[in-house]
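Only heavy atoms go into these numbers, but all of them, side chains included; no hydrogens, no water, no symmetry mates. Protein chains get the first letters and strands the later ones, always in sequence-line order, with residue 1 at the start of each.
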Number of protein chains: 2
Amino acid sequence: MAEVRTKSGEPAKTAETKRPKRADALRNIEAIIDAATRMLAVDADASLNDIAKGAGVGRITLYGHFDSRAALLRAVADRAIAQSDRQLATLDLEGDPRAALARLLEASWELTHRYGALVIAASQALSPEQLQRVHDEPAARVRALLERGRAAGAFRDDTPIEWQVTVIQAILHGASTAVYRGEIAAEDAPGLVRDTALAALR
Amino acid sequence: MAEVRTKSGEPAKTAETKRPKRADALRNIEAIIDAATRMLAVDADASLNDIAKGAGVGRITLYGHFDSRAALLRAVADRAIAQSDRQLATLDLEGDPRAALARLLEASWELTHRYGALVIAASQALSPEQLQRVHDEPAARVRALLERGRAAGAFRDDTPIEWQVTVIQAILHGASTAVYRGEIAAEDAPGLVRDTALAALR
């Protein structure tokens, strides 16, 4: 997306002729990121050529917007992270802490399962700061809920809260790996994640 | 270590003159793998030069035995995997299933913590078969104990056994990551792992 921002910084006299191109470019970038998100989640090694085909754009167009696999992976991960943050921010985490945690776990499972393979595929291309963010923002949300639940006596408070956050994230990622390996069915995962996490916090 | 095996296959007439060299070579290889094991566990990016220094051998000697970083990482991982297997094989897993699982978890924690960062450092250099083995052999050991414990009524059997194996491995790896990040103290980890895993299986 850096290219678009760069273009928008060009002198005003060229803006008129550039505008239709910019709209096309944005549409193509969206289509490429959509296709990459869909395809990399299934096959972390999907080629840029296959992604271009999946997006309905030419190879030259794709390389025009993303000059390397790493650049595309970063854009895909950026969007996945932003969408996850937005989706989790809309959750109702008020009321009974155990029920609120069950809702947070279900939403987190969906995002982990949808984007987990993608983030792994992209992790080579992500900066340490981005990888940190993938971990920290969901952790902060879980931690806030655990604090409230521990204070209310809904969760055990004889183990460190950081450990409880770790266990919840480990269970989510473990479930994603197990589904990916075919050891548990995807439709069973949210229930197993919820029951196991709540059992560990009891 | 492939080099050594190749040398031992050389014609017998050179064996007399080669023998002292072979003993030296074996000692150097051991020293290099020892140093690499120690240093990579602390810093996954430790350089081959630093490892040579740590092993007390010259750069040329190290490159003579391991012609690439990947070759050294594979040797380090091979030995770590073999040592882990041997160590776990000596454990007493008979008697009360919950006590036996506590013993298995404690030993597994030690190995995960000692070798986990190493296996992550080496994972780029490992073949899919080696990575599979890192996962499968410990998983089989846990699964056998869970089967016995489920049959004896010591562990819940209303969730799939593969899920329980996944949760135990996820908790172990989560603990290793949390210690590495400084979120929990290494000396607290075995107790937290044991309590949390047993709570999840109750």
S.K.: How long is the gap from OG1 on Thr196(A) to CG on Leu201(B), to the nearest 0.5 Å?
M.R.: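 Answer rounded to 0.5 Å: 8.5 Å.
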
S.K.: Is the count of non-hydrogen atoms from other residues, nucleotides or ligands lying under 6.0 Å from Glu106(B) atom CD greater than 12?
M.R.: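 No, the 6.0 Å shell around CD holds no more than 12 heavy atoms from other groups.
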
S.K.: Select one option (side chain, backbone, both, neither) describing which atoms of Val165(B) are under 4.5 Å from chain A's heavy atoms.
M.R.: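 It is neither, since no heavy atom gets under 4.5 Å.
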
S.K.: Considering only heavy atoms and a distance below 4.5 Å, find which of Gln169(A), His173(A), Arg181(A), Gln164(A) pairs most often with chain B.
M.R.: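 If we count pairs closer than 4.5 Å to chain B, Arg181(A) comes out on top.
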
S.K.: Considering all heavy atoms of both residues, which atom of Trp163(B) and which atom of Ile184(A) are nearest to each other, and what is their separation?
M.R.: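 Heavy-atom minimum between the residues: CE3-CD1, 3.7 Å.
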
S.K.: If you take all heavy atoms of Ala200(B) and Ala199(A), which pair is closest and at what distance?
M.R.: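 Minimum heavy-atom separation between Ala200(B) and Ala199(A): CA-CB, 4.3 Å.
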
S.K.: Side chain, backbone, both or neither: which part of Ala175(B) has an atom under 4.5 Å from a heavy atom of chain A?
M.R.: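 For Ala175(B), heavy atoms of backbone and side chain both lie under 4.5 Å from chain A.
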
S.K.: Where does Ile171(B) contact chain A at under 4.5 Å (heavy atoms): side chain, backbone, both or neither?
M.R.: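 For Ile171(B), backbone and side chain are both near chain A.
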
S.K.: Heavy atoms, side chains only, cut-off 4.5 Å: are Thr166(B) and Thr177(A) in contact?
M.R.: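 No, every pair of side-chain atoms sits at 4.5 Å or beyond.
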
S.K.: Which atoms form the tightest heavy-atom contact between Ala170(A) and Gly174(B), and what is the distance?
M.R.: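 In this case the closest contact between Ala170(A) and Gly174(B) is CB-CA, 4.3 Å.
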
